[in-house]
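Given the structure is predicted, the values throughout are model-derived calculations rather than measurements. Positions are given from 1, in the same order as the sequence printed here. One-based numbering, in listed order, for ligands and for the atoms of each.
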Amino acid sequence: MVERKKWSENFSEWFNEVIEEAGILDKRYPVKGMNVWLPYGLKIMKNIEKFIHEEMERTGHQEVLFPALIPETEFQKEAEHIAGFEGEVFWVTHAGHEPLDVRLVLRPTSETAMYSMFALWIRSHADLPFKVYQIVNVYRYETKHTRPLIRVREISRFFEAHTAHVDFEDAERQIREDLDIFDNLMKKLAIAYVISKRPEWDKFPGAYYSLGAEVVMPDGRTLQIGTMHNYKQNFAKAYNILYEKEDGTHDYVHQTTFGMSERLLAAVIAIHGDDRGMVLPPTIAPIQVVIVPIPKKGSEEEVYSYAKEIEEELKLAGIRVHLDLRDKRPGWKFYDWELKGVPVRIEVGPRDATEKTVVLARRDKLEKITVSREELVDKIRELFDDIMKYLYERAKEWLESHIKRVDTIEEAKELFNDRRGIVEIPWCGEEECGLRMEEELEAKMLGIPYPDESAKVEGKKCPVCGREAKFIARFARTY
Ligand code: A5A
Ligand code: ZN
């Protein structure tokens, strides 16, 4: 296995450096928590989103685009939702020199923007299920420590799917579909994750229940990279979203949402990275193969024309290839492309040109192989598959070795001191005991393993009250 020293020993510093040096974001923008996306970072993010769009298409969601401003009057219709978000919203109070009659909220998420329109659009059972999504920027005045991609005040790439259904059962089916979509996406990113059902005190404001998908970061803290919420009829009642049933009577729709953001990219960078920088899965790498010519004096022409030939062939094969002709030393170029996470590097020197061979260096394992010119395209395709497998296996191993089940608070504390990620503890199910454990452990309860059946335990005691435990509860220090 590749050594990942600085990556594991000082992850926060590593992450900030890599993001800047690899050309993902510029953090010098003069508003706290808001960053500038740079071309390379944006390309990776858009490649991730391609898979999201594909999944949305596959499952019959339609893309929409709502305004970023929400009138205060709409924002204030669902009581729990307001309570959850009012401390986190940016306000627009003036236009030019005039104060506005109705103040406007910069959307922190789009329930309150969308649902008055849903009430106009949804008429009958024939309109259901109703499934839309958008990828937009949203704004949250985060008070916790802000970090690029992880906790920002302008979430630039906020994905949100919103659905409406005839009944609870159909909304539940939607949640299962969301989990399936999420799983497909994670396979494309080679990321291993866990799903937990949030405790009552930490569900999304206005939700009946919330699911969270977590990954374990290099420093043992977890990052929530996706959520699915079943709202039941909570918002439908507040926004009067009614439909006519087959028998002519009316009822409120059942609703769900599903959200993700640029945290997906944060997870990719963090989980697959190593001391040399990023390691991108070939599925989303803007450049999948980089060709670095290594000419010797007198062989320049031969080497460059051989390199161009290879570039053409890979392009024709549909591989995202780049020929690096910058006036820099090969060693400098290797370093640069390793930092940027390009999955495969091709080195071509005079010997390769005459013998019709190619040297392939894979970024994940930092290994090299020599292949013949004829088998090049096939070998690269094989290598892509192999890199995906290796990255996923390594991510899965990391996750699994960072989930531990214990019986006592002391054992849990020890694991947290050792940065061991997620700790599972028997729990009676009472809020009081859950909050006590959060306090003692200085950690958050992520919730109970989902689906619910996987959270059941027998013959265990809640370490706080000593009563019989009903569930396994997951705790972690979180981002
Ligand atoms: N309406 C629902 C979908 C919603 O807003 N859910 S949410 O609040 O949980 O956000 C969805 C996802 O956005 C989260 O799972 C998390 O991955 C991401 N997210 C939330 N706050 C963020 C922030 N400040 N910076 C970056 N990503 C964030
Ligand atoms: Zn208890």
What atoms of ligand 1 come closer than 4.0 angstrom to any heavy atom of [X]?
| X | answer |
| --- | --- |
| I225 | 17 (O) |
| E111 | 1 (N), 2 (C) |
| T109 | 1 (N), 5 (O) |
| T257 | 1 (N), 2 (C), 3 (C) |

Would you say [Y] and [X] are linked by a side-chain donor-acceptor pair, where the criterion is simply a distance under 3.5 Å?
| X | Y | result |
| --- | --- | --- |
| E63 | Q134 | no |
| E438 | W201 | yes |
| Y208 | H229 | no |

Salt bridge check, [Y] against [X]: does any charged N sit closer than 4.0 Å to a carboxylate O?
| X | Y | result |
| --- | --- | --- |
| R103 | E72 | yes |
| D336 | K340 | yes |
| E88 | K144 | no |
| E338 | R363 | no |
| E55 | R58 | yes |
| E440 | K413 | yes |
| E177 | K131 | yes |
| D274 | R394 | no |

So which heavy atom in the protein is nearest [atom], and how far is it from that ligand atom?
| atom | value |
| --- | --- |
| atom 4 (C) of ligand 1 | F204 CE1, 3.4 Å |
| atom 17 (O) of ligand 1 | Q224 O, 3.1 Å |
| atom 16 (C) of ligand 1 | R263 NH1, 3.6 Å |
| atom 26 (C) of ligand 1 | I150 O, 3.4 Å |
| atom 18 (C) of ligand 1 | S261 OG, 3.4 Å |

When you measure from the side chain of H162 to the backbone N and O of F130, does any donor-acceptor pair fall under 3.5 Å?
->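 No: the side chain of H162 does not pair with the backbone of F130.
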Check for me whether [X] has a heavy atom closer than 4.0 Å to any atom of ligand 1.
| X | answer |
| --- | --- |
| F158 | yes |
| R140 | yes |
| T146 | no |
| Y231 | yes |

Give the contacting part of H229 toward ligand 1: side chain, backbone, both or neither, where contact means a heavy-atom distance below 4.0 Å.
->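 Only the side chain of H229 comes within reach of ligand 1.
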Under a 4.0 Å heavy-atom limit, does E142 contact ligand 1 with its side chain, its backbone, both, or neither?
->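 Near ligand 1, E142 shows its side chain, while the N, CA, C and O stay back.
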Do [X] and ligand 1 have an N or O pair less than 3.5 Å apart?
| X | answer |
| --- | --- |
| H162 | no |
| T227 | yes |
| E262 | no |
| V152 | yes |

Tell me which one of V138, T256, I155 gets a heavy atom nearest to atom 23 (C) of ligand 1.
->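 Looking at heavy atoms only, I155 sits closest to atom 23 (C) of ligand 1.
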Student check: side-chain heavy atoms of N137 and F158 closer than 4.5 Å |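 With C-beta onward as the side chain, the pair stays apart.
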Kindly report the SG-the Zn ion (ligand 2)-SG angle for C465 and C462 respectively, rounded to 10°.
->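 SG of C465 and SG of C462 make an angle of 110° at the Zn ion (ligand 2), to the nearest 10°.
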